[in-house]
Amino acid sequence: MKYKINNLEQYEEQYQEALSKPKEFWNKIAQEFSWSKKWTEVCEFDMINAEFSWFKNAKTNITENCIDRHLKDKGSQTALIFEPNAPKDKAEHISYNELHKRVCKMANALLALDVKKGDRVAIYLPMIPELSIVVLACARIGAIHSVIFAGFSSSALAARINDASCKIVVTADGGFRGNKTIDLKSIVDEALKDCPCVQHVIVAERTKTEVKMHPSRDNYLNDLLQNASEVHEAEPMDAEDPLFILYTSGSTGKPKGMVHTVGGYMVYTAYTFKNVFAYEQGDVYWCTADIGWITGHSYILYGPLLNGATSILFEGVPTFPNPGRFWDVVDKFGVNQFYTAPTAIRALAKESLEYVERYKLSSLKVIGSVGEPINEEAWQWYHKNIGKGNCPIVDTWWQTETGGILISPIPHVSPQIPTYATTPLPGIQPILMDNSGAEIKESEGEGRLCIKYPWPSIARTIWGDHKRYKETYFSAYPGYYFTGDGARRNKDEMYRITGRVDDVIIVSGHNLGTAPIEDAINEHDEIAESAIVGFPHDIKGNALYGFVTTKSDIKDEEQLKKDINALISAKIGPIAKLDKIQFTSGLPKTRSGKIMRRILRKIAEGNLSDFGDISTLLNPEVVKQIKDGRDA
Ligand code: WT7
């Protein structure tokens, strides 16, 4: 990557160039990749109808850029280090040469099952090397991967498989997470009762637990690989062919399958990885996310591999076998860039400092944060104890929809301000909108965060529902991409993200829509209605509070609370369970029948007065009742 930003002057230069001549700017950056055919147009877009194309008519394959391109110079360099869940198990180092072989073999195994370019492949795997290899193999043959986080329940999995009519599901017998074992194959079996589109299941072996194999449908991965050749020529893909679908929650019960395409995603994740993490050849980089989320797609796999980096895949959890695990792994591999979530930082900061002090952590150069706002206390703890006061913290703001990081400090270039994601990267034009829908022109201000101009890795659509894509992101402020976040800008034009302004709540860094949770609860026979809000939580950032009305008198409140959480676990996954549940006789509503969540949020936070304007409230008597019966 030539376009490394080394100082403030270079940042200003690139930012100005991307602002005044965006096409020239991205044209230059895209030259660094290998394309079998160049583009006829750098970018075409329509921000009203939400249509974008980058590097139009160009041909490439992202895996050629992630792998083949590096074989000549760094074939024997480690591409991926797999650190297993149990520290006593040996780590696996996969060189670029070996990655090439394994991806080609996997590509041929998929082809043998008749997976074709454009087919959708659901991937429901733990964080084992096969996960990366299947993802890359799909990209290599032009199949569209849809990775579904292996913590999702069978019905959440089924909904995602059906939404994209996936032909194949790749899973494992089971997965290890801390001291738990999760029976992934049986979750898949349950899901597939409702998925007629699936023709084959591929089962990787991890836990060696016994699984039921359906003879005509299921195949062990190892059997398929045995007959597969190590030679495979990457499928030439159009820059605008879909690379993957990744689901995110939204304001209805149906998850949104965000679609990212090959060319723009490749260029943008490579450019941002290089600059945000100041990655230099030979560095060991570690992002603790799961590949089931966008962070893992862009900054465990694609971004690092496009830069020929060494990237760690970690199967475990931060607290197993003890809260020193992250720091143990940092010292073990001499990690130079470490990227994690505020919820993990807060959880580890609560533990004894001895877990940190056992380790040197002297290899660290840059430490990062992603997924939710990082509070000042967590920022300071991270800076002092992990960064030892001399590692810049990159507080990176972005979304599944943005494909890559949009606002972040650049190490040793941007100033450090705790809790601020600071400045937009070159090519990104953030703006703030006030309540009346007008742009806030002054430097200082607080409003809704929008982006004015497209960047290469902006999602192209919601799978199968372009209308919803347009409505969700491009209709609140016509002509602009609306992020769903609020932000504050200081006098130096630095951004601080304040949190979601829509009905998405971020719990432990997981993006949860309130609607799907309410839908799950409302399926219970005894439940009439429910409303979910977030309230501040020391470790998770936010936790969930449910206000629930029942159809008739409740016999056993504790049992019903348990049933509700069991239902949520089954429909969505344990990450969406409620911390607090309050049964009420009604919910505060406006005259037009909308639940006044603002009031419920205040009550959940413990703020029992100051409800603002309640003149449109239909049933004020309910509010008093809810206040009195608060689940404290
Ligand atoms: C939402 C997107 C992008 C990778 C992980 C989450 C919140 C993300 C930050 C940050 C404050 C952040 C936003 C955003 N968020 N990073 N550095 N500071 N908030 O992806 O699940 O699509 O969630 O995460 O609210 O909209 P996602």
Side-chain angles (χ1 to χ4, degrees), residues 147-149 151-152 244-251 255-260 265 268-269 272-273 276 287-303 339-346 367-376 378-379 382 393-409 414 416-425 428 430 448-451 457-459 462 472-473 476 481-488 494-513 516 534 540-542 573 575-576:
V147 182
I148 297 145
F149 173 61
F152 276 117
F244 65 84
I245 303 171
L246 189 61
Y247 287 86
T248 186
S249 323
S251 54
K256 296 177 287 191
M258 306 312 307
V259 177
H260 284 284
Y265 178 82
Y268 195 76
T269 52
T272 50
F273 174 75
V276 170
C287 164
T288 69
D290 192 289
I291 291 176
W293 310 116
I294 191 71
T295 308
H297 281 56
S298 303
Y299 299 110
I300 294 180
L301 285 182
Y302 288 115
Y339 190 29
T340 197
T343 187
I345 299 168
R346 287 190 296 262
I367 55 181
S369 167
V370 63
E372 58 186 309
I374 179 166
N375 49 308
E376 170 104 33
W379 195 100
Y382 197 32
I393 293 183
V394 288
D395 176 359
T396 63
W397 174 83
W398 59 299
Q399 311 177 294
T400 305
E401 296 86 338
T402 69
I405 297 166
L406 300 196
I407 303 182
S408 169
S414 324
Q416 293 273 295
I417 314 176
T419 77
Y420 275 72
T422 73
T423 43
L425 297 179
I428 306 305
R448 292 170 176 229
L449 180 64
C450 292
I451 315 283
S457 66
I458 186 171
I462 291 175
T472 310
Y473 303 102
Y481 169 79
F482 173 48
T483 63
D485 281 323
R488 177 178 304 156
M494 307 271 176
Y495 287 84
R496 175 185 190 204
I497 311 301
T498 49
R500 301 292 308 188
V501 294
D502 56 7
D503 33 21
V504 169
I505 304 170
I506 303 195
V507 178
S508 300
H510 299 306
N511 200 325
L512 298 172
K540 301 186 202 182
N542 296 294
I575 51 176

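When a ligand or atom number is given, it counts from 1 through the structure's own listing order.
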I'd like to check which ligand 1 atoms, numbered from 1 as shown, lie under 4.0 Å from a non-hydrogen atom of [X].
| X | result |
| --- | --- |
| D395 | 10 (C), 17 (N), 18 (N) |
| T400 | 20 (O), 21 (O), 22 (O), 27 (P) |
| D485 | 13 (C), 14 (C), 25 (O), 26 (O) |
| I497 | 11 (C), 19 (N) |
| T295 | 4 (C), 5 (C) |

What pair of heavy atoms forms the shortest contact from [X] to [Y], and how long is it?
| X | Y | answer |
| --- | --- | --- |
| W379 | T419 | CD1-N, 3.8 Å |
| G513 | S249 | N-CB, 3.2 Å |
| H260 | S457 | CE1-O, 3.1 Å |
| I245 | V259 | CG1-CG2, 4.4 Å |

Shortest protein heavy-atom distance from [atom], along with the residue and atom involved:
| atom | answer |
| --- | --- |
| atom 3 (C) of ligand 1 | W398 O, 3.2 Å |
| atom 23 (O) of ligand 1 | N511 ND2, 2.9 Å |
| atom 16 (N) of ligand 1 | G371 N, 3.1 Å |
| atom 18 (N) of ligand 1 | E372 O, 3.3 Å |

Heavy-atom donor-acceptor pair, Y268 side chain to I405 backbone, under 3.5 Å = yes

Counting only heavy atoms closer than 4.0 Å, does ligand 1 sit against the backbone of [X], its side chain, both, or neither?
| X | value |
| --- | --- |
| H510 | neither |
| T402 | neither |
| Q399 | both |
| T396 | backbone |

Taking the six-membered ring for Trp, are the ring centroids of F152 and Y247 within less than 6.0 Å of each other?
-> no

Evaluate the side chain to side chain contact (heavy atoms under 4.5 Å, CB included) criterion for residues F273 and S298: first the C-alpha distance (whole Å), next the side-chain angles of each, then the deciding distance (0.1 Å), finally the verdict.
-> CA-CA 8 Å; F273 174 75; S298 303; over 6 Å; no

Walk me through it: do I451 and I428 pass the test side chain to side chain contact (heavy atoms under 4.5 Å, CB included)?
-> CA-CA 7 Å; I451 315 283; I428 306 305; 4.3 Å; yes

Candidate pair W398 and V370, rule side chain to side chain contact (heavy atoms under 4.5 Å, CB included), full reasoning = CA-CA 8 Å; W398 59 299; V370 63; 3.2 Å; yes

Could you tell me whether some N/O pair between I506 and ligand 1 is separated by less than 3.5 angstrom?
-> no

